[in-house]
There are 2 protein chains.
Amino acid sequence: MGTSERKQREREEREQLFLDAAEQLIEQEGFMQLQMAKLAKACDYATGTLYQHFTSKEDLLMALMARHSALHLELFERIEQWQAPSRQRIFAICVAEQDFNQRQANYVKLSQYVMTEAVWENASETRRSQLLQCGQPICRIVSGIVQQAIDDGDLDPQGASTMELAYGTWALCQGSHTLDHTQGLLEAFSIPRGPMTMYRNMNRLLNGMSWHPLLDLSSTETLQTLVQQIEQQLNIHS
Amino acid sequence: MGTSERKQREREEREQLFLDAAEQLIEQEGFMQLQMAKLAKACDYATGTLYQHFTSKEDLLMALMARHSALHLELFERIEQWQAPSRQRIFAICVAEQDFNQRQANYVKLSQYVMTEAVWENASETRRSQLLQCGQPICRIVSGIVQQAIDDGDLDPQGASTMELAYGTWALCQGSHTLDHTQGLLEAFSIPRGPMTMYRNMNRLLNGMSWHPLLDLSSTETLQTLVQQIEQQLNIHS
DNA sequence: GCATATTTTGAACTAGATTCAAAAAACGAT
DNA sequence: ATCGTTTTTTGAATCTAGTTCAAAATATGC
């Protein structure tokens, strides 16, 4: 009946309200400082009400992550639409992500935290699969680019599945961001901070997949121009 | 004077005792279940005593990590001693790590957790730099292998620092392990579990660095043989 | 053997997540 | 509109586990 639909909608709205407020609080004082009671009060609800939406604090963090990944997806969709050689498109993902993560450092940390057993295991099963679902379209887009490369004859998979190749780029991105965001690590090993290191390594990986056209890494210029081109065309930094 | 030396030693011994016990408890029930009071009791000490060694629970987890990384280092040292072409040696690190992490799944999770802001920021500064120090010899060894490759003419850095190249392999390993250990992730994206995916991607990266001799990835056989060879020669699975 | 300094102890303190019985609100039938 | 019933909200009470600290125990040096 009609009333229950409205209720459902109101419930959904309240959930978004909680998430909005959580986002704001995290913005202000970092996600470690987030407190359930404080959050509830900030929304003029009782603590218990918060627990009608999220089974635990971890569940809430994960919900936040899931919602946030919609923004992330948007990025990928922009690249999906972009008409360009596959090699540029796959690299564009890396560039877009780098920029995205740069600006949402809190979220990189949060996602790192959420993927931890400590958090993962304390969220509801529903939430976990929701979050995994969020990855699906992204996965589809990346696979699509790999597939395009194969179809265009730019990439010979040599027996590897499209997923395997996509996984490689993913792992490299993931690992780079993790290392990047670990306090003091780059400094301890005197690795220059900044995206270029990761860009170069990504292109090495792509070259190693024989993903044409290969990029010449001996010139800093070439890569920098490429990055700028991508940033402009995709309207990154917007 | 003599007495204070003995005291120092006893203190050190007790610290190891705590860490041993913590290790055992984690073995039994996972690191999330570790409780300071329980741990102290298990060692027949009061809770307060535990806090004379570790400023917080996070500090303890980090100490555990630091100690554990000595085992990790051992692995790297075995490879450092190993006389072989640089390309085999750098890949051997990957193989050895894979095996190591396979068997110490708890530690992969712990290290993932420890590198989280939530933990990192709650450990003492001393401990943090201790942990970073632990990475130094490993870093040195990997850099050494890269350097060997350059000296042997197997690798043209094309202007990249040895650290940058080492960083690439590190990030790929790191990222792969993170993804591997995130519950349900591989399954959600139907990526076959097992080390071969990561081995192939690592070799793609190395090929992309033009690290000679390049490995032909079109044959599963070749790679598998290589892995077996490395495992035998390094006496992995021991 | 005694005065002083150091170390250990564990009960008390604390923070903050979670629960749940009571109160309030919504609902639906009369 | 009224009343009995169901659903939702509330927030004080509960609970867990990390951390502290004053008192007790032990060690040290004279």
Side-chain angles (χ1 to χ4, degrees), chain A residues 1-15 17-18 21-22 25-26 28-64 113-114 116 118-124 127, chain B residues 1-15 17-19 21-22 25-26 28-64 110 113-114 116 118-124 127:
Chain A
M1 72 177 56
T3 32
S4 88
E5 261 172 37
R6 176 178 52 80
K7 264 185 157 179
Q8 184 53 41
R9 184 168 44 74
E10 282 176 356
R11 202 188 137 79
E12 179 54 32
E13 278 170 9
R14 193 171 61 184
E15 185 149 325
L17 173 71
F18 281 139
L25 284 175
I26 287 175
Q28 284 165 21
E29 15 190 320
F31 73 92
M32 279 319 296
Q33 258 52 54
L34 188 69
Q35 285 171 30
M36 295 303 264
K38 218 195 295 180
L39 173 56
K41 179 154 285 180
C43 298
D44 275 312
Y45 280 104
T47 319
T49 310
L50 196 46
Y51 279 87
Q52 300 223 315
H53 293 269
F54 313 102
T55 62
S56 66
K57 184 179 177 176
E58 285 76 21
D59 199 57
L60 182 142
L61 289 177
M62 225 149 159
L64 213 46
Y113 184 56
V114 161
T116 267
V119 176
W120 195 264
E121 297 291 311
N122 268 316
S124 63
R127 199 67 70 181
Chain B
M1 70 176 59
T3 32
S4 87
E5 262 171 39
R6 175 178 54 79
K7 265 187 157 178
Q8 185 53 40
R9 184 169 45 75
E10 282 176 355
R11 202 189 136 78
E12 178 55 31
E13 278 170 11
R14 193 172 60 183
E15 185 149 325
L17 173 70
F18 281 138
L19 292 174
L25 284 176
I26 286 175
Q28 284 166 22
E29 15 190 322
F31 72 92
M32 281 317 297
Q33 259 51 54
L34 189 69
Q35 285 171 31
M36 296 303 265
K38 217 196 293 180
L39 172 58
K41 180 154 286 180
C43 298
D44 275 311
Y45 280 103
T47 318
T49 310
L50 196 46
Y51 279 87
Q52 301 225 313
H53 293 268
F54 313 102
T55 62
S56 67
K57 185 181 176 178
E58 285 76 21
D59 198 58
L60 181 143
L61 289 177
M62 223 150 161
L64 213 47
L110 182 56
Y113 185 55
V114 161
T116 267
V119 177
W120 195 265
E121 296 291 311
N122 269 316
S124 63
R127 199 66 70 179

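Throughout, a chain's letter reflects where its sequence line sits, starting with A, and its residues are numbered from 1. Everything numeric in this text was worked out from a predicted model, so none of it was measured.
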In plain terms, say whether [X] and [Y] are close enough for a salt bridge, that is, a side-chain N and a carboxylate O under 4.0 Å apart.
X: B/Lys7; Y: B/Glu13; result: no
X: B/Arg127; Y: B/Glu15; result: yes
X: B/Glu10; Y: B/Arg14; result: no

Quiz item: Residues in side-chain contact (heavy atoms from CB on, under 4.5 Å) with A/Lys38, at least two apart?
Solution: A/Glu29, A/Gln35
Exercise. Determine the contact category for B/Arg11: base if any of its heavy atoms lies under 4.0 Å from a base atom, sugar-phosphate if only primed atoms, P, OP1 or OP2 are that close, otherwise nothing.
Key: nothing
When the distance from [atom1] of [X] to [atom2] of [N] is rounded to whole Å, what number comes out?
X: B/Gln52; N: C/dT8; atom1: CD; atom2: C1'; value: 7 Å
X: A/Leu39; N: C/dG16; atom1: CG; atom2: P; value: 14 Å
X: A/Lys7; N: C/dA25; atom1: NZ; atom2: C1'; value: 9 Å
X: A/Phe54; N: D/dT9; atom1: CZ; atom2: P; value: 13 Å
X: A/Leu60; N: C/dG16; atom1: CG; atom2: P; value: 16 Å
X: B/Leu50; N: D/dT20; atom1: CG; atom2: P; value: 12 Å
X: A/Glu10; N: C/dA26; atom1: CD; atom2: P; value: 9 Å
X: B/Lys41; N: C/dT8; atom1: NZ; atom2: C1'; value: 15 Å

Practice problem: Mind checking the CH2-CG spacing from B/Trp120 to B/Leu61? Nearest 0.5 Å is all I need. | Solution: 13.0 Å
Quiz item: According to a strict under-4.0 Å criterion, is A/Arg14 in side-chain N/O contact with OP1 or OP2 of D/dT9?
Solution: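 Result: yes.
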Quiz item: In B/S/- notation, 5' to 3', how is nucleotides 11-19 of chain D contacted by protein heavy atoms closer than 4.0 Å?
Solution: B-----SSB
Practice problem: With sequence neighbours excluded, tell me which residues meet salt bridge (charged side-chain N to carboxylate O under 4.0 Å, His left out) with B/Glu58. | Solution: none
